[in-house]
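Below you'll find the structure, written out as structure tokens, and then a few comments.
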There are 2 protein chains.
Amino acid sequence: MPIRPTDQVLHKAAWLYYTHGMRQDEVAKHLNISRASVAMYLRRARETGIVNIATSTQLFADDVLARQLEDAIGLKSVWIVPEDRHALDPTAEMPVVAAAVFLELIGKGGRVGVAWGRTVYHIADVMPFADLQGVTVVQLCGNLGAPYSYRPDQCTTEIARRLNAEGINFYAPLVLSSERLAHELRQEPVIQEQLATIPDCTLALYSVGGIEADSHLVKCGALTAEEMKALGEAGAAGVIAGQVIDREGQLMDCTHNRRCISADLDSIRSIPKRMMVVQEDEKLEPLVAAIKGGFASHLIITASMARRLLDRLSGTMAPGSGT
Amino acid sequence: MPIRPTDQVLHKAAWLYYTHGMRQDEVAKHLNISRASVAMYLRRARETGIVNIATSTQLFADDVLARQLEDAIGLKSVWIVPEDRHALDPTAEMPVVAAAVFLELIGKGGRVGVAWGRTVYHIADVMPFADLQGVTVVQLCGNLGAPYSYRPDQCTTEIARRLNAEGINFYAPLVLSSERLAHELRQEPVIQEQLATIPDCTLALYSVGGIEADSHLVKCGALTAEEMKALGEAGAAGVIAGQVIDREGQLMDCTHNRRCISADLDSIRSIPKRMMVVQEDEKLEPLVAAIKGGFASHLIITASMARRLLDRLSGTMAPGSGT
DNA sequence: CACGGGCTCTGACAAAAGTCAAATAGTCTT
DNA sequence: AAGACTATTTGACTTTTGTCAGAGCCCGTG
């Protein structure tokens with residue numbers, strides 16, 4: 001694409017204002033335009049990510065609980081979204097924190113795998129605009145026409161759009177009606193190639209799904225409430241990228257999983273930074289399973305969840321090296 | 001260090017204002033402080049790098065010349081600082097561009113090697129403040145008590161300070177009076193260990209020195225004007241991290257180099273991102289040598305230098321694949 | 001326990017930035 | 001080549017932000 005002159009002005013205005021600290025009227029004089037235009041350009045520069053204003057997420061990582069959790073379960077980093085009285089609504093805040101952390105974790109030229117779910121969609125929705133050329137956003141799981149329109153491809157596309165990154169969608173359904181068909185589809189070169197690129201990701205973004213009757217997979221029609229109930233009785237504990245895992249975080253041996261087209265769990269585990277974001281208080285058990293399964297290296301949760309998680313894990317895992 | 005409550009307020013104010021887009025009076029209400037305090041906190045948040053405002057350096061990379069150079073000599077990226085009439089002073093602008101590019105190129109947890117010279121010092125001087133925890137800044141060459149006070153350790157320290165990164169200084173002189181002593185000092189565990197970490201750097205920042213009578217090495221007393229002249233006649237073309245290189249960018253076989261304590265040229269070459277910044281118009285020949293020697297993967301130069309470089313190189317190197 | 005010294009905080013004012021309706025330029029269509 | 005439509009630009013206005021001198025507060029010290 002050739003260089004559009006409009007973009008040049010946008011860049012110049014942003015550079016002079018933000019990097020040089022000129023006032024808007026100085027920029028206007030410099031570029032021979034009106035100050036109002038400068039203000040407009042600057043807004044667009046912010047909106048398109050030419051200018052990136054990032055606030056350190058340190059605030060959320062600087063929490064005693066966060067440190068304890070890091071020590072207790074050996075995670076790289078934990079961010080705690082506070083729930084105290086005059087804090088903001090933690091449920092609304094979490095995606096914002098997650099988006100900021102996400103931006104901090106992507107490096108130039110990185111490859112990011114994005115899964116699907118309500119949480120991920122909300123994160124996409126508040127993702128700031130940035131100019132991350134060279135970044136690729138790939139979809140971690142197949143598609144599912146959801147009634148709530150949180151389609152997997154939408155999550156990927158939206159994030160890629162906001163980051164000025166390349167988005168690679170996955171043109172396969174998440175669940176097929178037969179194991180045979182799923183197997184055959186996975187053999188297709190297009191699909192196979194895409195699945196093969198997933199271990200190259202440097203960062204993964206997902207949540208863990210629950211296995212209740214009102215869980216996402218059930219609501220979207222991938223499983224009936226009965227099937228889900230049966231899976232629960234058979235030892236299921238959560239859902240990762242559309243696939244059901246047991247209490248130890250291992251892939252369940254079940255029809256549903258065999259009918260799924262999604263990133264292989266081992267591929268996901270091999271991604272260096274695995275960002276797990278959990279909003280719902282009910283997801284303690286799924287989260288424990290996901291952590292045991294090695295699906296989280298970076299965790300973003302509420303303070304109450306952090307406390308419960310710490311209680312829950314301090315018994316079953318090594319007590320860690322912290323004081 | 002424990003968490004200081006003041007910092008918490010700083011972080012909170014910055015978060016609410018910049019990430020949530022609250023107005024200052026809303027932030028003030030939220031935190032139960034006066035609006036003026038909020039304004040003050042926000043300034044401090046910007047100054048300390050809690051908030052990072054970065055402008056894309058795309059503007060300087062989006063240049064036809066830059067593309068041509070990238071094609072012609074196979075560099076990863078070239079940034080051109082324009083010199084047209086109503087642009088800013090290119091000499092003053094270059095360090096600013098370099099600092100912005102530098103910030104774009106460092107990844108979280110990266111290790112950065114910083115060499116020494118007037119240019120590097122100026123870059124340090126305009127480096128924005130940022131909160132890059134986990135980054136380490138290492139000194140690439142030994143120290144030299146310069147009359148102009150651009151000491152190598154100052155460059156490293158200043159950059160580390162501004163980035164909230166760890167700075168590792170190199171406690172050895174750049175040049176010793178005898179080859180024997182230099183050799184012995186290089187064997188010292190402390191020195192050896194530090195030199196050994198240089199290939200682990202992900203990013204290097206330096207310029208190339210000239211070999212004139214008024215070059216930096218001469219001014220700082222590392223070499224006399226006569227010695228430098230002799231080196232020039234023997235085929236010297238430039239200086240990299242205190243060491244003299246020939247026209248092909250290879251280490252000169254000379255006493256001075258053997259008396260130097262500095263990063264091994266091969267170590268430098270093995271750093272993935274090698275950011276070379278050249279301000280002075282007279283440094284065409286040193287730059288050509290540095291490029292031939294593989295010391296630049298990312299180049300920041302003026303438009304006129306770019307043109308001359310392109311002319312100079314199109315004859316001696318493969319014409320490249322560009323149109 | 002009174003006394004600095006160094007902070008932070010406050011209220012009011014000045015400066016800068018955001019916004020909007022109307023005018024203008026540019027572009028594509030017929 | 002005129003017309004219709006969209007996107008940009010502008011000047012005037014409002015809102016928001018930066019700043020500063022003085023008040024208040026905390027903490028260690030004599």
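In this text, all values refer to a predicted model and were calculated from it rather than measured experimentally. Numbers restart at 1 for each chain; the letters A, B, ... are given by sequence-line order, proteins then strands.
Using a 4.5 Å heavy-atom cutoff, the side chains of B:Arg151 and B:Tyr121 are not in contact. Side chains of A:Met127 and A:Leu163 form a contact here, defined as non-hydrogen atoms less than 4.5 Å apart. In this structure the side chain of B:Leu65 reaches within 4.5 angstrom of the side chain of B:Leu310, judged on heavy atoms. Residues B:Pro95 and B:Asp125 have side chains not in contact (no heavy-atom distance under 4.5 Å, counting atoms from C-beta outward). In this structure the side chain of A:Ile301 reaches within 4.5 angstrom of the side chain of A:Leu69, judged on heavy atoms. For the pair B:Val27 and B:Ile33, the minimum side-chain heavy-atom distance is 4.5 Å or more.
B:Leu205 pairs in a side-chain contact (heavy atoms from CB on, under 4.5 Å) with only one of the listed residues (B:Leu105, B:Thr119, B:Thr156, B:Ile159), which is B:Ile159.
With sequence neighbours excluded, the residues that form a ring-ring contact (aromatic ring centres under 6.0 Å, His included) with B:Phe60 are A:Trp15. The salt bridge (charged side-chain N to carboxylate O under 4.0 Å, His left out) test applied to A:Arg162 returns A:Glu158, not counting sequence neighbours. Taking the side-chain hydrogen bond (donor to acceptor under 3.5 Å, both in side chains) definition, one finds that A:Tyr18 meets it with A:Arg46, sequence neighbours left out.
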Identify the pairs formed between an N or O of the protein and an N or O of nucleotides 21-24 of chain C at a distance under 3.5 Å, and give each distance.
none

Any protein N or O atoms within reach of nucleotides 16-20 of chain C? Criterion: under 3.5 Å, listing atom names and distances.
unit_1	atom_1	unit_2	atom_2	d
C:dA16	OP1	A:Arg23	NE	2.6
C:dA17	OP1	A:Tyr17	OH	2.8
C:dA17	OP2	A:Gln24	N	2.9
C:dG18	OP2	A:Gln24	NE2	2.6
C:dG18	N7	A:Arg35	NH2	3.4
C:dG18	O6	A:Arg35	NH2	2.7

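Computed from C1' positions of five pairs at each end, the angle between the two local axes of the helix from C:dC1-D:dG30 to C:dT30-D:dA1 equals 30°, rounded to 10 degrees.
Between B:Glu26 atom CD and D:dT17 atom P the separation is 9 Å, expressed in whole Å. Separating the CG atom of A:Leu31 from the C1' atom of D:dT10 is a distance of 16 Å, rounded to the nearest angstrom. Note: CZ (B:Arg44) to P (D:dT19) measures 14 Å, nearest angstrom.
In terms of phosphate contacts, B:Tyr41 brings a side-chain nitrogen or oxygen within less than 4.0 Å of OP1 or OP2 of C:dC9. The shortest distance between the side-chain N/O atoms of A:Ser37 and the OP1/OP2 oxygens of D:dT10 is below 4.0 Å.
Salt bridge annotation for A:Glu70-A:Arg67: present, with a cationic side-chain nitrogen under 4.0 angstrom from a carboxylate oxygen.
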